[in-house]
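Since the structure is predicted, the reported quantities are computational estimates derived from the model, not experimental observations. Chain letters run A, B, ... following the sequence lines, proteins first and then strands; every chain starts at 1.
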Amino acid sequence: MSAAPDPHPTPASRPDRAVLSLKGVKKHFPIREGAFQRVTGWVRAVDGVSFDIRPGETVGLVGESGCGKSTLGRCVSGLTDVTAGGVYFDLPAEASRLLDNIASGTATDAEKARVAQIEAAHRIDRLQGAGYKRFRRNCQMVFQDSFASLNPRHLVVDIVGRSLRVYKEASGTELTERVVELLEQVGMGRQHLYRYPHQFSGGQRQRISIARALATNPDVIILDEPTSALDVSVQAQILNLLSDLQKQHNLAYLFITHDLSVVRHMADRLVVMYLGKVSEAGVTSDVFDAPHHPYTRALMEAKPDIEGAASEQAQGLDGVVPDPARPPRGCRFHTRCHMATPSCGWEVDDVIRRLEDIPGLFDALSGVERKSDFAASLTFGDAAAAERLVSILDSDGIPAAMRSAMGRLERRDRTVSVAFDEVPDVDLRITEPGRVASCVLSPIEVFQGVNE
Amino acid sequence: MVDLPSPTQPGTIDAIAPESARRVRLRRFKELAAKVLSNPATVLGFVIIFAMLFMAIFAPWLVAPNVPDPYQMPRDWAATRMPPGTPGHPLGTTNEGGDVFYGVVWGTRMSLQLSLIVVFSTVVIGSIIGSLAAYFGGKVDEFLMRVVDVFLSIPELIFALAIAAILGPSFGNIMFALIVVFWVKYARIMRARVIQIKGSEYIDAARIIGDSNINIYLRDILPNSFTPVMVQATLDMGNVVLIAATLSFIGLGQAGIAEWGVLVSEGQAGIASGRWWASTFPGLMIFLWALAFNLVGDGLRDALDPRTEGR
């Protein structure tokens, strides 16, 4: 995963460095149960994500709620430790290639020796002293909830000027003047210096948050759904402000959102996440013109269209995001995919998910004996229930792809044995220059929509 | 964004700017004070407290202090069991010739010292332990909170009584017993608040800026978690005196000192014989003291309610 092909177009400035580089980032949260808080499982919120953010560019990170995009944002900003992989700050291309070689096991001994050095100098959870300070100043964040992210007891001058105090850049009148400058940059002014956050509208509060982020003169700002809580008209103003500031300061943005129409205009490149993994990445306009992953396509079709024309044959997304503690095998999207093929990773859990939807049948299930993720014996309370499951699995009640993936389906009295063809997990692959997607189908098949 | 026109003219703002932060904070404080004082019961509480404070501070001018120890009751063996209104003894005297007015006045001074020392120590100890538990979490939190649970499982009065009884009758021991009993509440309150605030986004925002942990604690966590502690402290100013008087009354105090509980105890024998004053006046003081701090504490709680605060 870490060695995933790099989908970057050539950036305009400082092409040799990434402001932030994610290499196989994983964040798993423990599920604890019982009196002794034993760890019984892991929620794989982020499960191996790699991409770079280059100076001055906007990377849009999109996905449904619960796909791990906000967790990823917190990992990138250093608020949360990663479980595996690493986030690197200001990483030269040469060092980046080296790290990829290590991950893919093709590194030479000399290269391995260099890695410790690179990690100490660039990996954000290994940085110390001045190096950490430099990262902290250069990587700022704007949160979704502008009310919660501003201390209700602090005046605007204290909020925006706080980092100037922390880094001992200014104090007294000089600090006030610097804060006024920052406020003016975000379209506010001197008259707002001595007010409390609750005295502002949501849009103004978000401007204050942006001014606070600008105060350290950062290279990159992580924007975690910065406009999702705002009115549509205010959204546009904030987005325009962000674009203007980006040009003025050559800022890089990681724009996290569930709103495709927002990133369409903001992002240079798009990273689409589903259940903790990247399902597709590429230049925004290319992705919008021709999605290479059925999930991206479904997301775009789910977007309500004002003209209403496109949405008529839209299929959108149905069903819910599966439990990230037991993510589907193969392609994680196969459970909801309209284009799923027999080789997308159908497994025992898909049978169980179907069972849960059928009243009475799930309650009749008395035991599951798994041989693997792909084969198991399901025992029911009575033979009739078992027969009912067989008849459902043998009918149009399940996707045709799932039926063809089923290598075995037998009932012996109260026990049903199922076995699916074992398939490897679907990894990201280059679909065309500068594009990656994790789909077994070719881009043209996704475009035409097989099985539809 | 609808931005209302600024009420202040450009140009004039510069002149007031250096003062503004202070002014805004002062205005906020005034608004809060007005809110607290809008409740008549709270005002009554404040009036009683100020009267008590006056009495405590100016005790030496109200009644000449006993030498050498002003906290010992003066004994006038020539004037025992005198009723109120006797010249020189406006509130009468006790069986042992102690001046009830002296006990009331110097008892106020004593109660103020007692409650200030106990409440200050318990707030400090409780806040530190509660903050540590919240900050470190995990095993440290688990251990500290189990200790707190043990303390909380014994009724306040009985616990204080047991400690004071073991240490022997003295005013200092009562104070110590009260500190041991009362700190746990603050640990509980502080821990809950710190955990809640630690998880809020403005703490994340401060970390993103790169501010130090100690600064975040002092500038963000502490000021935002102190409100419930302050309310509890006000209520405890009354509770402490109530329990101290109870312990003194049942004989765990220091006999002969100018303390309300001791005086009530000293006067109780005379009540059956019609000498009501020796117990009634100190008893009334205990009642007023506890009432006043409860009224103010409740008023503060209503006014500082986190649901309405800061909006």
Side-chain angles (χ1 to χ4, degrees), chain A residues 74 77-79 132-133 135-137 139-155 157-159 162-163 165-167 172-173 176-177 180 187-198 200-204 206-207 209 212-213 215-216 222 230-231 233-234 237-238, chain B residues 1-29 31-32 137-139 142 196-197 199-216 219-227 304 306 308-311:
Chain A
R74 293 177 63 88
S77 65
L79 280 176
Y132 180 75
K133 227 174 208 176
F135 161 68
R136 202 59 287 162
R137 297 192 54 160
C139 176
Q140 288 296 305
M141 188 160 177
V142 173
F143 299 87
Q144 174 177 0
D145 185 345
S146 61
F147 196 86
S149 62
L150 302 172
N151 187 330
R153 283 170 195 270
H154 287 183
L155 295 168
V157 62
D158 297 325
I159 291 168
R162 184 164 183 171
S163 60
R165 280 203 188 100
V166 169
Y167 298 108
T173 330
T176 313
E177 290 314 310
V180 171
M188 298 180 69
R190 194 180 290 274
Q191 70 275 23
H192 300 121
L193 276 175
Y194 303 106
R195 294 201 198 158
Y196 290 100
H198 70 265
F200 295 96
S201 66
Q204 285 175 313
Q206 208 53 293
R207 284 168 193 264
S209 301
R212 167 173 65 189
T216 58
I222 292 150
L230 303 174
D231 284 344
S233 59
V234 182
Q237 292 175 18
I238 297 291
Chain B
M1 183 182 63
V2 183
D3 197 348
L4 296 170
S6 161
T8 335
Q9 290 299 309
T12 57
I13 300 161
D14 279 282
I16 61 163
E19 277 290 312
S20 277
R22 205 173 305 149
R23 274 194 204 187
V24 170
R25 290 197 184 98
L26 190 67
R27 200 183 316 137
R28 194 181 201 194
F29 178 75
E31 281 166 13
L32 198 65
K139 293 235 160 62
E142 196 70 19
Q196 183 196 346
I197 288 166
S200 62
E201 256 180 10
Y202 58 83
I203 302 298
D204 286 339
R207 285 173 62 197
I208 286 283
I209 282 170
D211 213 345
S212 60
N213 286 340
I214 184 77
N215 258 341
I216 290 174
R219 286 176 51 79
D220 297 295
I221 295 177
L222 207 53
N224 280 297
S225 46
F226 222 67
T227 311
L304 302 176
T308 57
E309 194 192 353
R311 305 219 166 183

Legend entry - Interface residue of largest heavy-atom contact number with chain B, from A/M141, A/Q144, A/R162, under 4.5 Å: A/R162
Legend entry - Residue list, ring pair (Phe, Tyr, Trp, His ring centres under 6.0 Å) with A/F135, at least two apart or on another chain: A/F89
Inset, instruction - Would you indicate whether the side-chain heavy atoms of A/R153 and B/R28 approach each other to under 4.5 Å? - result: yes
Inset, instruction - Sequence neighbours left out, what passes salt bridge (charged side-chain N to carboxylate O under 4.0 Å, His left out) with A/R212? Give chain and number order. - result: none
Legend entry - salt_bridge(B/D204, A/R74) N-O dist < 4.0 Å: yes
Legend entry - B/N224 versus A/P152, closest heavy-atom pair with distance: OD1-CG, 4.1 Å
Legend entry - Contacting region of A/Y132 [heavy-atom separation from chain B under 4.5 Å]: neither
Legend entry - Validation row: A/R165, B/D211 side chains within 4.5 angstrom (heavy atoms): no
Legend entry - A/I159 side chain reached by B/Y202 side chain, heavy atoms, under 4.5 Å: no
Inset, instruction - Kindly say whether B/I209 contributes a backbone atom to a donor-acceptor pair with the side chain of A/R136 at under 3.5 angstrom? - result: no
Legend entry - Where A/S149 and B/A205 come nearest, the two heavy atoms and their spacing: O-CB, 3.7 Å
Inset, instruction - Please report the closest heavy-atom contact between A/Q140 and B/I208, naming both atoms and the distance. - result: NE2-O, 3.2 Å
Inset, instruction - Nearest 0.5 Å please: distance from the CZ atom of B/R25 over to the OH atom of A/Y194. - result: 9.0 Å
Legend entry - Distance in Å, A/D158 CG paired with B/R219 CZ, rounded so as to fall on 0.5 Å steps: 6.0 Å
Inset, instruction - Please look at A/L155 and chain B and tell me whether the side chain, the backbone, both or neither of the residue comes under 4.5 angstrom of a heavy atom of that chain. - result: side chain
